Amino acid sequence: MLLVRMNFLQLLCRKPERLEMVFQLRHCRKQFPYMCLGTSASLYSKKKKVNGYEQVDQEKYKSLVFSVTSYKASAQTPETILEEDGLLYGQPLKHTPPDEAETKTPKNWIPLINPNKRTPLLDSDSNLPVKIALQKTKIPSVTRILQQTIPPQQAFYLERWKQKMIQELGKDGFAEYTKNLFLQGELFHAALESMFLPEESATKEQGEDAAISGYLSSVQHVLKDISEVRVLESAVQHETLQYLGLVDCVAKYRGQLCVIDWKTSEKLKPSLKNTFDNPLQVAAYIGAINHDANYDFQVSCGLIVVAYKNGCPAHPHFMDADLCSQYWNKWLLRLEEYMDRN
């Protein structure tokens, strides 16, 4: 038996093809496929994977790849990151801090309505509105107080607008522009005053000025709702807080007695917030009238009418008693700020 095994090994080493023949004949009727194991890749290999990057137009993106791989630091900036976030996730919701004027309380709080003022039971029989000339005095005006206590953000936008106009018109051109705006405002107020005064008291008009014709057309629908004019271009002074101002008009608007402030604008101002500090100005005038002995009545509402040069219908912004009280508190804070500075 040992001799047979040794002969088999010798046969395997010398002539392997005979082993194949013996195996096929003696052990199986069907021939097994004969495979020769080897290290050549051509004999046993899989299909080569396709690299997707090889199909990209490498010449087209060569500069982009070079800029990315050659840049040592990140090419992104805070601005580009915010821009990408905005495109992916939408603009962030910015938290607006509460207005200090709504949270702070004036140190020297005085009510808007004067509790000690007695008003007559019957209205005065005089058809002439009250008209008191504004005297020069050291008492600060409402306009001056608001200008010197303007919030920083509002001052920034105002200065940016001014510099933009100077860049377009030049310094002399901008000065002429503001001068014409002021003149148009005066003519507009004078024209309204002539409309509200009785015919025998009104000054004779020299003809409608073309510069204000658009403003007058703009307010026609508002004038229909105004009646019982009591004050026209009249000075008012708060006897306790010691400030003064010049009120455009006090009349009834849709049945409510209001301090009316006429404003001219070349830009649409459809909401009250577009009028900036005008609501504070109206609230200051209301408080002054209610604490001025020259006026035998009190007011609790306000109206800001924004007229447009192109004749577009004016925007009337009505301020009810609650809204006037809110702006009255804000006005008191601005007044305190002015007094602290001066």
Side-chain angles (χ1 to χ4, degrees), residues 111-114 117 119-131 142 185 188-199 201-202 212 214-234 236 245-265 268-292 295-331:
L112 180 63
I113 304 298
N114 188 353
K117 190 173 188 177
T119 57
L121 297 177
L122 299 176
D123 294 338
S124 175
D125 295 333
S126 175
N127 292 327
L128 293 176
V130 178
K131 186 176 175 65
V142 173
F188 176 58
H189 282 77
L192 290 173
E193 183 178 349
S194 298
M195 292 180 182
F196 291 134
L197 285 173
E199 293 183 2
S201 300
I212 62 171
Y215 295 124
L216 294 175
S217 299
S218 179
V219 298
Q220 289 304 311
H221 69 290
V222 180
L223 296 178
K224 297 177 182 179
D225 295 324
I226 294 178
S227 61
E228 299 183 30
V229 179
R230 295 194 181 187
V231 176
L232 279 176
E233 295 290 332
S234 187
V236 294
L246 189 65
V247 175
D248 289 347
C249 178
V250 175
K252 285 187 177 181
Y253 173 73
R254 297 180 178 178
Q256 296 281 345
L257 189 63
C258 301
V259 166
I260 302 176
D261 200 24
W262 306 100
K263 298 296 181 183
T264 59
S265 176
L268 292 178
K269 297 183 178 180
S271 63
L272 188 63
K273 66 180 181 180
N274 299 133
T275 61
F276 299 104
D277 282 343
N278 293 152
L280 278 73
Q281 185 179 16
V282 169
Y285 290 159
I286 292 175
I289 287 177
N290 294 342
H291 292 80
D292 191 331
Y295 302 92
D296 59 356
F297 57 87
Q298 297 203 71
V299 187
S300 60
C301 299
L303 179 69
I304 300 174
V305 182
V306 185
Y308 302 110
K309 188 176 183 178
N310 60 2
C312 180
H315 282 112
H317 301 296
F318 177 72
M319 301 167 56
D320 60 16
D322 291 337
L323 192 57
C324 287
S325 296
Q326 295 176 25
Y327 281 106
W328 171 248
N329 289 335
K330 295 181 180 181
W331 159 251

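Because only heavy atoms are used, hydrogens play no part in the values below, and waters and symmetry mates are left out as well, while side chains stay in. In this chain, residues are counted from 1 in sequence order. Quantities reported herein were computed from a predicted structural model and do not represent experimental measurements.
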Enquirer: To the nearest 0.5 Å, how far apart are CD1 in I260 and OH in Y285?
Expert: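 I260 atom CD1 to Y285 atom OH measures 14.0 Å (nearest 0.5 Å).
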Enquirer: Hey, what do you get for CG (N329) to CG (L112), rounding to the nearest 0.5 Å?
Expert: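 Answer rounded to 0.5 Å: 9.0 Å.
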Enquirer: I need the Y253 OH to L223 CG distance, nearest 0.5 Å.
Expert: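 Reported to 0.5 Å precision, the distance equals 10.5 Å.
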Enquirer: Nearest 0.5 Å, please: how far is CG in N310 from OH in Y215?
Expert: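 Separation between the atoms: 9.0 Å.
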Enquirer: Within a radius of less than 6.0 Å around CZ of F196, do more than 12 heavy atoms belonging to other residues, nucleotides or ligands occur?
Expert: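 Yes, the 6.0 Å shell around CZ holds more than 12 heavy atoms from other groups.
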Enquirer: How far does CD of Q256 sit from CG of D320, to the nearest 0.5 angstrom?
Expert: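 Separation between the atoms: 8.5 Å.
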Enquirer: Considering residues at least two apart in sequence or located in another chain, which fulfil the side-chain hydrogen bond (donor to acceptor under 3.5 Å, both in side chains) criterion with K269?
Expert: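 Here no residue qualifies.
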Enquirer: Is there side-chain contact between N274 and V306, with heavy atoms separated by less than 4.5 Å?
Expert: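 Of all side-chain heavy-atom pairs linking V306 with N274, none is under 4.5 Å.
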Enquirer: Would a distance-only check, ignoring hydrogens and angles, find a side-chain to backbone donor-acceptor pair under 3.5 Å from Q298 to N114?
Expert: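 Indeed, once roles are kept as given, a pair shorter than 3.5 Å links the two residues.
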Enquirer: If I compare all heavy atoms of G302 with all of C324, which pair ends up nearest, and what's the gap?
Expert: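 Here G302 and C324 meet closest at N-SG, 3.6 Å.
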Enquirer: Given side chain to side chain contact (heavy atoms under 4.5 Å, CB included), test I286 with M319 step by step and report yes or no.
Expert: CA-CA 11 Å; I286 292 175; M319 301 167 56; 6.0 Å; no
Enquirer: Quick one: closest heavy-atom pair of D248 and W262, and the distance?
Expert: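 Looks like OD2-N, 3.0 Å.
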Enquirer: For a 4.5 angstrom cut-off between non-hydrogen side-chain atoms, does H317 reach N278?
Expert: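 A side-chain contact under 4.5 Å is absent here.
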Enquirer: Might you point out which heavy atoms bring V229 and I226 nearest each other, and give the distance in Å?
Expert: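 Taking V229 first and I226 second, the nearest heavy atoms are CG2-CG2, 4.4 Å.
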Enquirer: Work out which heavy atom in N290 is nearest to a heavy atom in V299; give both atom names and the distance.
Expert: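 Heavy atoms of N290 and V299 come nearest at OD1-N, 2.8 Å.
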Enquirer: Hey, does the side chain of H221 reach the backbone of A314 with a donor-acceptor pair shorter than 3.5 angstrom?
Expert: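 Such a contact is found between H221 side chain and A314 backbone.
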Enquirer: Quick one: pull up CZ in F318 and CG in L272 and give me the separation to the nearest 0.5 Å.
Expert: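 Atom-to-atom, F318:CZ and L272:CG are 11.5 Å apart.
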Enquirer: Without swapping roles, check the side chain of S218 against the backbone of G214 for a donor-acceptor pair under 3.5 Å.
Expert: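 Flag not set: sc S218 to bb G214 has no pair under 3.5 Å.
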Enquirer: Would you name the heavy atoms of T264 and F188 that are closest together and state the gap between them?
Expert: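 Answer, listing the atom of T264 first, then F188: CG2-CD2, 3.5 Å.
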Enquirer: S234: what forms a side-chain contact (heavy atoms from CB on, under 4.5 Å) with it, not counting sequence neighbours?
Expert: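 Once residues adjacent in sequence are excluded, the partners of S234 under the side-chain contact (heavy atoms from CB on, under 4.5 Å) criterion are V130, I132, V231, Y295.
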Enquirer: Can you name the residues that form a salt bridge (charged side-chain N to carboxylate O under 4.0 Å, His left out) with D225, not counting sequence neighbours?
Expert: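 So D225 forms a salt bridge (charged side-chain N to carboxylate O under 4.0 Å, His left out) with R254.
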Enquirer: Backbone N or O of D296 within a donor-acceptor pair of the K117 side chain at under 3.5 Å?
Expert: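 Not a single qualifying donor-acceptor pair exists.
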Enquirer: Under the side chain to side chain contact (heavy atoms under 4.5 Å, CB included) criterion, do D261 and T275 qualify, and how do the steps go?
Expert: CA-CA 11 Å; D261 200 24; T275 61; over 6 Å; no
Enquirer: Please find the pair of heavy atoms, one from A251 and one from S227, that lie closest to each other, and give the distance.
Expert: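 In terms of heavy atoms, the two residues are closest at CB-O, 3.5 Å.
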